[in-house]
Amino acid sequence: MKYLLAYLFLISPLLPLRAQLFQRLDFPVTVQGEQLRSAWAGGLNAPQWSAVDLDDDGKLDLYAFDRAGNMHLTFLNAGGEGEINYEYAPQFLGAFPVTSYFVLLRDYNHDGAMDLFASSKDEGVQGMKVFRGRFENGQLVFDKVEFNNWLFDVLTIPAGNGLTNLYVAEPDYPVVEDLDGDGDLDILSMNSVSANLVSFFKNMAVENGLGPDTLVFKASDYCWGKFLIPSFTDSLLLSCYPDSCAVTCFAGPLEGEDRGGGLHGSSTLAVFDSDGDGDMDFLYGDLLFPKIIFAQNGGNANKAWMTAQDPFFPSYNDPVNLPNFPASFLLDLDNDGRKDYIANPNKAKAAPDRDVWFYKNEGLDENPIFKLLDQKAIVKDMIDLGSGAQPAFFDYDADGLLDMVVGNFSEWTQQNPDGESFLALFRNIGSASDPAFELVNSDWLGFKQFSDVTSAFAPAFGDLDGDGDEDLLVGDRRGLLFYSENIAGPGNPSSWTFPQELWQGIAVGSYATPFIYDLNRDGLPDLLIGERSGNINFLPNIGTPNNPVFHANVDEAPNVPELGGIVAKGLTNLVGYSSPVVLDFGDTVYIATGNESGFIELYLVDFEKLNGDSFEVVDKQFGNLREGYNSHFAFADLNADSLLDAVVGNYRGGLGVFSSPFTISGAVAAKEARQSLDLRLFPVPAGDQLHIQVAQAAFGDMQYQLFDAVGRPLAQGNLTNGQAIVDTALLPAGIYFIKIQAGQRSAVKGFAKK
């Protein structure tokens with residue numbers, strides 16, 4: 001067993017819980033003279049906001065679910081009255097379940113702990129699943145609410161003589177609020193038959209005498225508010241009558257229009273009582289339009305009827321103008337006791353990509369007046385370069401400290417909706433043991449000038465021309481390379497030639513991500529280039545030490561278009577976005593690559609297989625580390641602790657920083673790993689029984705634990721003379737893990753149950 005694998009088993013209680021291999025760090029980052037509160041939170045593209053008490057202190061903190069990567073983000077509230085001061089608090093993330101598309105935190109059972117409503121698409125049906133929140137040791141945790149009355153484990157409504165799913169389409173953002181004022185939470189979502197209508201699902205818990213801690217819904221109104229959302233128009237069609245849906249209203253200037261259906265965009269919904277009359281008014285966002293529509297409820301809490309609208313909400317101030325699916329959220333962001341208004345995009349991969357519009361409520365909750373104060377709320381406290389972040393390390397000022405250069409895919413602005421791509425330079429202004437970074441150039445080497453022809457800049461550094469200083473390669477969306485020579489000489493602050501486009505005619509498929517390393521060990525720096533398809537192109541240097549030369553056609557020898565058989569994408573992924581890094585520990589060399597799903601894949605390099613034969617796969621989800629879509633990794637020992645730190649870029653445009661399990665000379669605790677237990681499991685796959693055998697029976701008392709694939713303990717017991725038999729007859733087919741503990745020694749091994 002390779003030392004690294006032995007180490008993984010040694011330090012981890014079980015392999016699926018590998019996240020502890022990477023420990024989150026937090027180095028200071030300064031931008032324009034201000035230290036960022038949440039520098040390494042990873043950026044924001046499409047956040048969905050909820051107020052929540054994370055630590056059971058009675059103060060509402062902040063939660064966001066970002067659709068760009070299906071990421072939870074948690075922030076502790078450090079602000080006083082009238083202040084917006086939230087600090088990234090990743091220690092709470094482990095309690096949140098795996099979710100996708102949408103998440104709303106609401107306290108449906110009135111116990112003071114927020115519960116979680118999320119898309120049930122991963123349950124196999126369009127609807128909602130629910131997790132009940134509770135506090136455990138001063139931290140919010142969640143338990144899945146089981147609904148055993150139907151085939152799928154989701155919220156249901158009566159249908160005929162049976163049940164069906166309470167329909168919520170996964171691209172949409174629904175409403176979970178007490179709409180009728182009876183004390184339990186109801187639901188609004190787009191109609192499952194006509195996507196131009198909003199359906200009201202009434203919670204019948206109180207009516208049935210069950211109390212608010214029960215979720216029992218019925219379809220109460222398939223045309224809530226009596227309005228229609230016409231196709232390809234940016235306003236609502238309101239009904240003339242309180243009891244008739246707009247599709248049956250033939251009065252007014254829109255008479256004769258087709259009101260019966262058709263397509264518009266996906267939808268974001270929100271409600272609030274804008275006039276204190278006890279009923280809910282309505283906010284609507286559409287995939288196809290940049291604005292939010294407000295509709296005023298002229299009915300009552302039990303019979304909604306929208307009688308007036310503002311298609312440019314809030315027209316009395318600065319209206320929302322956010323292309324690509326704007327969404328609305330109402331919560332007290334500034335701790336003044338009044339709910340404010342937030343608007344931002346809800347589309348995972350689209351522009352704008354770092355806009356969070358904060359409207360302060362300068363009125364009252366029963367009569368709010370929203371004033372736009374900030375278009376970068378919360379996100380301005382993070383490193384966020386728009387969409388995509390591709391980091392690399394380089395000592396640009398020759399002060400002995402590694403600085404950081406980060407390329408982005410693109411950044412949208414109101415002034416430049418087509419987006420800009422650039423390199424950002426963060427200078428290390430700390431010390432060898434206490435790094436600190438400052439943004440000193442947001443368009444380093446002037447790469448924005450190329451944004452009209454390309455994007456997605458991925459930097460890499462290495463001494464290509466053999467003069468003792470590191471040069472720069474930058475990959476781009478077209479699959480091409482820019483080259484800039486460092487002419488400073490060794491030991492001097494860097495000095496660069498103008499970037500040379502289309503360098504050496506090299507072109508991979510698209511989204512080139514280069515890395516410079518002498519892979520064939522002939523003394524010349526070679527190129528490894530990832531791309532959108534997920535393969536890694538190997539281009540050996542066929543030049544001389546002072547004149548690098550590469551064959552331009554990546555599909556022709558001596559080039560290898562699929563190094564190591566690596567295709568960095570999952571079984572269901574159509575693209576890969578490989579982003580290679582080489583980790584050289586002398587006799588052992590690994591290739592680590594990010595991928596579209598957001599994990600890091602790790603491969604053991606076999607120098608006898610550089611012709612394209614497959615390398616050994618160490619782990620397709622190494623360390624279980626994931627910060628969002630399109631992961632890009634850079635490794636360096638930033639704090640002089642001999643451990644390589646990992647800076648991780650993601651599609652949200654931000655970065656995370658972690659201490660990795662690698663020392664600068666190889667895997668941690670390799671010596672101790674060789675002293676770990678010799679564990680055997682048989683038969684594999686297991687049938688009704690699994691035999692455990694440990695050769696070192698002389699170690700004395702030994703215990704075993706059985707875990708399932710997500711880390712839940714299923715059974716435990718003792719070994720006698722280094723042996724035990726585990727009853728596996730009732731285990732369903734799948735992957736499981738056995739952990740053996742003998743004093744300070746331990747071992748973990750996986751097995752399959754057939």
Side-chain angles (χ1 to χ4, degrees), residues 24 26 37-38 41 44 47-66 72-97 99 103-118 130-145 175-178 181-186 203 205-206 211-215 270-273 276 329-342 356 358-366 368 370 373-374 377-378 381-382:
R24 197 177 289 270
D26 187 15
R37 296 187 185 98
S38 302
L44 294 171
Q48 300 169 355
W49 302 98
S50 295
V52 57
D53 184 357
L54 293 167
D55 54 0
D56 197 19
D57 67 350
K59 188 174 185 178
L60 286 178
D61 306 302
L62 188 62
Y63 164 84
F65 175 74
D66 200 315
H72 303 287
L73 294 97
T74 48
F75 303 85
L76 283 176
N77 190 346
E81 183 176 349
E83 294 180 341
I84 300 176
N85 186 355
Y86 294 90
E87 296 178 355
Y88 186 47
Q91 64 268 30
F92 298 99
L93 296 178
F96 283 81
T99 54
V103 173
L104 302 93
L105 299 186
R106 304 288 188 269
D107 184 9
Y108 79 83
N109 57 1
H110 298 185
D111 66 351
M114 285 293 183
D115 310 301
L116 189 149
F117 294 78
V130 183
F131 296 81
R132 185 180 294 110
R134 58 183 173 85
F135 290 108
E136 183 177 286
N137 299 321
Q139 179 171 333
L140 182 65
V141 297
F142 296 96
D143 302 309
K144 182 75 160 53
V145 178
V175 164
V176 180
E177 300 285 351
D178 182 5
D182 65 355
D184 55 25
L185 295 182
D186 310 299
N203 191 340
V206 171
D213 60 342
T214 303
L215 298 170
V271 296
F272 72 114
D273 186 357
F329 310 92
L330 293 116
L331 64 156
D332 180 12
L333 196 67
D334 60 1
N335 296 292
D336 65 356
R338 295 167 292 183
K339 286 189 176 181
D340 306 300
Y341 176 62
I342 298 174
V356 178
F358 165 64
Y359 291 80
K360 179 178 174 60
N361 184 355
E362 296 191 334
L364 304 172
D365 276 347
E366 56 269 23
F370 297 122
L373 295 185
D374 193 348
I378 309 299
D381 294 322
M382 308 175 187

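Nearest heavy-atom pair across His72 and Leu93 is O-CD2, 3.3 Å.
Among Phe329, Tyr341, Phe370, the one residue that satisfies the ring pair (Phe, Tyr, Trp, His ring centres under 6.0 Å) test with Tyr359 is Tyr341. Of the options Phe96, Phe92, Tyr88, Tyr86, a ring pair (Phe, Tyr, Trp, His ring centres under 6.0 Å) to Tyr63 is made by Phe96 and by none of the others.
Judged by distance alone, the side chain of Asp332 and the main-chain N or O of Gly337 form a donor-acceptor pair under 3.5 Å. When atom types are taken as modelled, the side chain of Asp115 and the backbone of Gly133 share a donor-acceptor pair closer than 3.5 angstrom. A donor-acceptor pair under 3.5 Å is formed between the side chain of Thr74 and the backbone N or O of Ala89. With hydrogens and angles ignored, the 3.5 Å screen pairs no side-chain donor or acceptor of Glu81 with any backbone N or O of Asp336. Of the possible donor and acceptor atoms, none in the side chain of Asn361 sits under 3.5 Å from a partner among the backbone N and O of Arg338. The closest donor-acceptor contact from the side chain of Asp61 to the backbone of Leu54 lies under 3.5 Å.
Look at Asp111 and Arg132 and you find no salt bridge, because none of the NZ, NE, NH1 or NH2 atoms lies under 4.0 Å from a carboxylate O. A salt bridge between Glu177 and Arg106 is present, with a side-chain N of the basic residue lying under 4.0 Å from a carboxylate O of the acidic one. The pair Asp53-Lys59 fails the salt-bridge criterion, with no side-chain N (NZ, NE, NH1 or NH2) lying under 4.0 Å from an Asp/Glu carboxylate O.
Residues Leu333 and Leu62 have side chains in contact (heavy-atom distance under 4.5 Å, counting atoms from C-beta outward).
Ring pair Phe142/Phe131: centre-to-centre distance not below 6.0 Å.
Judged by distance alone, the side chains of Asn85 and Asn77 never bring a donor and an acceptor atom under 3.5 Å apart.
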